[in-house]
Structures are given as C-alpha cells and as structure tokens.
Amino acid sequence: SQPILGELTASQVTPESVQLQWSVPESTFDSFTVQYRDAQGQPQVLPVDGGSRSVTVPGLSPSRRYKFNLYGVWGRKRVGPVSTDAVTGAGMCRSCPSPQEEEPLSQPHLGELTASYVTSDSIQLEWSVPEGTFDSFTVQYRDDQGQPQVLPVDGVSRSVTVPGLSPSRRYNFYLYGVLGQKRVGPVSLDTITGEGVCWISPCSLWVLAPAPRKEEPPSQPRLGELMAPHVTPESVQLEWNVPEGTFDSFTVQYKDAQGQPQVLPVDGGSRSVTVP
C-alpha cells in the first residue's frame, strides 16, 4: 500500500539551524524532500534519503520564523506535504500545522530554452526557472535514425551539452522539469548543427530561419506486460517490456515473508530482474 507521512516536528532549534523529525506510520518511501523559504524569500529544497527520519536544516537566520514542508517520494508519486513552523533563536520553537499562515511552495515553471553554443556535432542548451525549483530535468530529442533519446539532468543545473549529433542537421529539443511524480513542460527549441549557425525563433544573435514544421515531442513512455518466466523455491525472475519510449529507471515493490515492504531498484536499460 502507499506509504503515509506522520507528524513533522522541530526537535532542536538554534539561531542558525533547525532539526526536523518525522515518522512514517506505514510502509516506506524512496526518499524525502524538505522545502522552505530562506531569509530572502527564495525557495530551498533539501533532499533526504528514504531511510532517514530526521534532518538538520543549516544556514538559517536568527530570530526568524520558518515554515517547513516535508514530502515523501514513492516511485513516481509525491506524498504530502506535512508542515511545521519553527522560530530560530534561544530555544524558541513551535510545531503546529498553521496552514493558513503560508501555503506550500507553488509549483515551479520553466523559462525559455535557448542554444548558447552550437558546433557541428553538439549543442549546448540553457534554460531558466523563473519560480520554484525542480527535482530534475529531462531533455528529449530524436537522433539521426528517428529514435527518441532522453538525457537526464540534475535539478540544480541550468545547462547541458547534447553530444553525438550530425553536422548540418535540424534537431528539435524538448525540456521537461520533474517535480515528484509531476512532469512540467515541455519548452522546445529547433536548432541546426553546423559552423556556428544557430536557428532559433526568436533569436537576436543568430540568423533567423522560417518557422519549421513542429514535430511532436517524444511521447511519454509506457509499461507493457509483467511476467514471471522463471520461479524457484527461493527466487522469482521478472520480465517486462516497454512498447513505447524509455524510462530513466524502474522500481519493483513487494512484501517479504514477514509482510515488510521491499523496494528493488532497476536501471532503465534492463527488462528483467531476479528477486532473491
């Protein structure tokens, strides 16, 4: 069953930090994220591994009220938030829902996607995030054979170089922002590789091209049938297919003989795994 988050509390408070603690009454999460706004009002995201039940938030300002929102990440889903307020200072701390004081951080959105550097076999893409933060990004495009390609990018980066392209060829790039189980976007860009020529619409630094025929972004991947072709008294081999698109990774979830939930991560290139 889907795990649930228990109460979030602030157990230790100093002028510069707050230690947060929480419980998971049922099942387990793959990871957690703590979200809050710093002294300048900018949203901050603190990732926490799924085995932890506490984290210290550093770099805070004295005598200031902070609201912390905790999310649990379970596969492609994001559960929560549960919230708590804390005031930094000499032992001052409050732990209460107080949802009316501040809403959880609004969903981030993507800014413009541009090509900052173009060669005959690579393109450097840059983008902005005007509001909020993402857990990660994915860049999708089709190679010379028309096969969809997915390039994962961490949530802190704002640029990536796409290598292995062909000279004098038009490419359509699609950027998605990933936040928990949600995918935001895409924002898109058409470019042509070559000797410093970049075709962008709009574009102030490079040659303008007529608006190209839009290509549909690579469709969202989907899972096919799951089968158990080999079974022994102590293990089960699982196999599956992906009829369309590609995944970054997979997770297999099951309950062991004691009824405890188990999570088995699998890389995105695999189509089988043995559960021992």
Side-chain angles (χ1 to χ4, degrees), residues 1-3 24 27-33 45-52 71-79 110 121-125 127 133-165 171 173-186 217-232 234-257 260-276:
S1 62
Q2 178 173 306
V24 180
S27 195
T28 57
F29 286 98
D30 300 333
S31 62
F32 303 94
T33 57
V45 177
L46 187 63
V48 186
D49 67 87
S52 298
Y71 295 86
V73 179
W74 182 59
R76 296 171 65 89
K77 294 185 176 180
R78 191 172 71 153
V79 178
L110 291 167
D121 59 4
S122 70
I123 292 178
Q124 183 176 347
L125 301 174
W127 61 90
T133 57
F134 287 98
D135 299 333
S136 62
F137 303 94
T138 57
V139 174
Q140 296 187 6
Y141 65 100
R142 294 185 185 274
D143 60 20
D144 295 347
Q145 288 72 45
Q147 297 301 308
Q149 302 294 323
V150 178
L151 187 63
V153 185
D154 66 86
V156 179
S157 297
R158 296 294 182 267
S159 67
V160 69
T161 297
V162 183
L165 305 180
Y171 290 90
F173 296 97
Y174 301 90
L175 174 72
Y176 294 87
V178 179
L179 180 67
Q181 79 271 30
K182 292 184 179 180
R183 191 172 70 155
V184 178
S219 58
Q220 180 169 309
R222 57 188 179 91
L223 288 168
E225 185 180 6
L226 177 66
M227 299 171 290
H230 300 293
V231 180
T232 73
E234 296 179 343
S235 66
V236 174
Q237 183 181 8
L238 301 175
E239 291 185 355
W240 61 91
N241 58 28
V242 180
E244 186 176 347
T246 57
F247 287 97
D248 299 336
S249 62
F250 303 95
T251 56
V252 175
Q253 298 186 2
Y254 64 97
K255 291 183 182 288
D256 62 20
Q260 298 300 309
Q262 303 294 325
V263 178
L264 186 63
V266 185
D267 68 86
S270 297
R271 296 295 181 266
S272 68
V273 69
T274 298
V275 184

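- Annotation for S122 and P163: closest pair CB-CA, 4.1 Å, computed over non-hydrogen atoms.
- F29 is linked by a ring-ring contact (aromatic ring centres under 6.0 Å, His included) to F32, counting only residues two or more places apart in sequence or in another chain.
- No donor-acceptor pair under 3.5 Å is formed between the side chain of D135 and the backbone N or O of G155.
- Between I123 and F173, the closest side-chain pair of non-hydrogen atoms falls below 4.5 Å.
- Here R78 contributes atom CZ and L179 contributes atom CG; the two are 4.0 Å apart, rounded to the nearest 0.5 Å.
- With a 4.5 Å cut-off on side-chain heavy atoms, V273 and Q237 do not count as touching.
- Among residues two or more places apart in sequence or in another chain, the salt bridge (Lys or Arg N to Asp or Glu O under 4.0 Å) test is passed with D267 by none.
- Side-chain contact between L125 and V139 is present, with heavy atoms from C-beta onward closer than 4.5 Å.
- Looking at V184 and Y176, their side chains never come closer than 4.5 Å, going by heavy atoms from C-beta outward.
- Listed by chain and number, the residues in a side-chain hydrogen bond (donor to acceptor under 3.5 Å, both in side chains) with S159 amount to none (sequence neighbours excluded).
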- Task: Step by step, work out the side chain to side chain contact (heavy atoms under 4.5 Å, CB included) result for L223 and F247.
- Result: CA-CA 9 Å; L223 288 168; F247 287 97; 3.8 Å; yes

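- For the pair V73 and S31, the minimum side-chain heavy-atom distance is below 4.5 Å.
- Between R271 atom CZ and W240 atom CH2 the span is 8.0 Å, to the nearest 0.5 Å.
- Looking only at side-chain heavy atoms (C-beta outward), L175 and L110 come within less than 4.5 Å of each other.
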- Task: For the pair V162 and L151, evaluate side chain to side chain contact (heavy atoms under 4.5 Å, CB included) and give the outcome as yes or no after the intermediate values.
- Result: CA-CA 8 Å; V162 183; L151 187 63; 4.0 Å; yes

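- Atoms CG and CD, from D144 and Q149 in turn, are 10.0 Å apart once rounded to the nearest 0.5 Å.
- At a threshold of 4.5 Å between non-hydrogen side-chain atoms, the residues V48 and T33 do not count as touching.
- Ring planes of Y171 and Y141: perpendicular class, angle over 60° (limits at 30 and 60°).
- Annotation for P243 and G224: closest pair CD-N, 3.5 Å, computed over non-hydrogen atoms.
- Residues P276 and S235 share a closest heavy-atom pair of CA-CB, 4.1 Å.
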